[in-house]
Amino acid sequence: MKDKTFLMIPGPTPVPERVLLEIAKHPMGHRSSEFSKILESVYSDLKYVFQTSNDVIVYTSSGTGAMDAALSNLINEGDKVLCLAIGNFGQRWAKIAEGLGAQVEKIEVEAGKAINPDELKAVLAKDVNKEIKLVTLTQNETSTGVTNDVKTLVSIIKEHGALSVVDGVTSIGAMDCKMDEWGIDVLVSGSQKGFMIPPGLAFLAASEKAWAVHKECKRPDFYFNWTTNRKSVLENSTAFTPAVNLISGLKVALEMMKEEGLENIIARHTKLAKGLRAALKAMGLTLFVEDEAIASTSITAVLPPEGISVPDIRKIMKNDYDIVVANGQNKLKDKIFRMGTLGFVSERDVITAVGALEATLYKLGHKFELGAGVATLIKYMNK
Ligand SMILES: *Cc1c(COP(=O)(O)O)cnc(C)c1O
């Protein structure tokens, strides 16, 4: 049905009506005092969500822009960089670093697995001359639905002395990410994931230690330059013309996040994802990440039943039930489908999605007890 589409993909995610109405207003002058007030509120609330006292820079770009901004403000040609890659987004860090002329070493794991802290320890222990300048990692790997233990990994990196550069794009606003307490040096995120606004903004915060390394960066990017961008943050302004409407929408979204409270937001994501996982299993489906300890609470990857194709499932979900679920990426294309429980998602949404998936699988001839998914989900949510 027209105008009824519900996105259950890992970004863009659904947007609350309050935010949509805000974004629909006439654009403001980006140098006006009214807009400066909005920025003041946004910069302050971003610190709350990032759990940091560091300034948070807002870029008008997609999330990858902030990843680019992270590395292009730290790396000089020839620097050694260690990239912990558990999927496509972890590999993206390596590609950016290579483009900047870094010598990239990687720890890679099979899709569906997380980084083993002991392996990181062993690799860093071999770097006796402390040549590795920074380590990149992904908190929540969107391509597989695996969450790394960032707290432990960052503590190991800290012990070595390298900077930790963390992709928090599908983790911030969904799962715990304590920038200051865990000692993360650079943390980035993007608007269309846990922040409940459309694509177009990216966020970056850096520790004092990272700022000192930035000072030694010989050719930082112009648009993404940390120094010029932070100067504007301190003046409740932006370096260039930002996506003013998105920033007004972000102000409202951040107020909603503060109202709900980070702890409650995290608990909601955990409950929805775990309920969804239980329901999928009850429908006789196999989860791509079986280990609960590393399973994401914002993205769940699922294998289709034997003899039923991912494109058919996605097509019926979309055409008959107006729910969009994501395909797998690259090698996992048509091998898995991914359901987002990220951002502005409630129990109703997951009950609806599980019901629609049951109906879809029923139409496609999957043999299972019709209703088992929804029943399991409802019981899980009310236990
Ligand atoms: C979405 C996403 C990004 C950024 O992607 P953009 O398309 O540039 O917004 C980065 N990392 C992860 C883990 C993501 O899910």
Side-chain angles (χ1 to χ4, degrees), residues 7-15 50 57-72 83-97 99 108-109 111-115 135-150 153 164-177 184 186-205 221 223-224 242-243 246 250 253 269 273 288-289 294-301 324-330 332-333 336-345:
L7 293 179
M8 269 202 119
I9 57 177
T13 57
V15 179
F50 270 62
I57 295 170
V58 176
Y59 295 112
T60 291
S61 75
S62 81
T64 307
M67 295 174 74
D68 225 338
L71 299 189
S72 67
C83 298
L84 313 184
I86 66 167
N88 289 342
F89 290 100
Q91 295 291 354
R92 186 167 295 176
W93 280 128
K95 285 183 193 159
I96 297 169
E108 292 170 288
V109 300
K113 300 269 186 300
I115 295 290
V135 181
T136 66
L137 58 155
T138 317
Q139 183 168 16
N140 186 68
E141 178 50 64
T142 312
S143 63
T144 57
V146 172
T147 303
N148 273 317
D149 178 358
V150 167
L153 297 175
S164 54
V165 179
V166 177
D167 174 341
V169 180
T170 43
S171 63
I172 297 180
M175 47 195 77
D176 210 9
C177 186
I184 296 170
V186 183
L187 181 60
V188 301
S189 199
S191 60
Q192 79 277 24
K193 307 289 175 89
F195 288 85
M196 308 189 291
I197 68 168
L201 296 177
F203 316 113
L204 179 145
D221 187 85
Y223 181 74
F224 289 111
L246 289 180
L250 177 62
H269 282 82
F288 187 63
V289 180
I294 60 165
S296 169
T297 55
S298 59
I299 289 108
T300 300
V324 184
V325 298
N327 202 328
Q329 294 180 322
N330 296 352
L332 291 170
K333 184 164 189 263
I336 56 170
F337 60 98
R338 294 171 300 146
M339 299 177 77
T341 44
L342 178 56
F344 189 54
V345 178

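Index from 1, following the sequence. Computed over heavy atoms, backbone and side chain alike; hydrogens, waters and symmetry mates excluded. The structure displayed is predicted, hence computed values, not measured ones. For ligands, and for the atoms within them, numbers begin at 1 and follow the listed sequence.
In this structure, the side chain of T297 does not engage the main chain of H269 through any donor-acceptor pair within 3.5 Å.
A 4.5 Å side-chain heavy-atom check between V289 and K113 finds every atom pair outside the cut-off.
For the pairing with W93, the side chain to side chain contact (heavy atoms under 4.5 Å, CB included) check across L71, L84, L137 returns one residue only, L71.
Side chains of S298 and T170: no donor on one and acceptor on the other come within 3.5 Å.
Within ligand 1, counting atoms from 1 as listed, the ones closer than 4.0 Å to a heavy atom of T170 are 13 (C), 15 (O). The atoms of ligand 1 that sit less than 4.0 Å from any heavy atom of G63 are 4 (C), 6 (P), 8 (O), 9 (O). Of all the atoms in ligand 1, the ones that sit under 4.0 Å from a non-hydrogen atom of N140 are 13 (C). Close approach of ligand 1 to T64 (heavy-atom distance below 4.0 Å) involves ligand atoms 4 (C), 5 (O), 6 (P), 8 (O). Here is the list of ligand 1 atoms found below 4.0 Å of a heavy atom in T142: 12 (C), 13 (C), 14 (C), 15 (O).
Across all non-hydrogen atoms, the minimal contact from L332 to A111 is CD1-CB, 4.2 Å.
The aromatic rings of Y59 and F224 lie perpendicular to each other, with more than 60° between the two planes, well past the 30° mark. Using cut-offs of 30° and 60° on the angle between ring planes, the pair F195 and F203 is tilted.
Close N/O approach between Q192 and ligand 1 is found [any backbone or side-chain N/O within under 3.5 Å]. Geometrically, ligand 1 and E141 share no nitrogen or oxygen pair separated by less than 3.5 Å. In terms of polar-atom proximity, S62 is counted as a contact of ligand 1, with an N or O under 3.5 Å from an N or O of the ligand.
When M67, K193, R92 are ranked by how near their heavy atoms come to atom 1 (C) of ligand 1, first place goes to K193.
Atom 11 (N) of ligand 1 has as its closest protein heavy atom D167 OD2, 2.6 Å.
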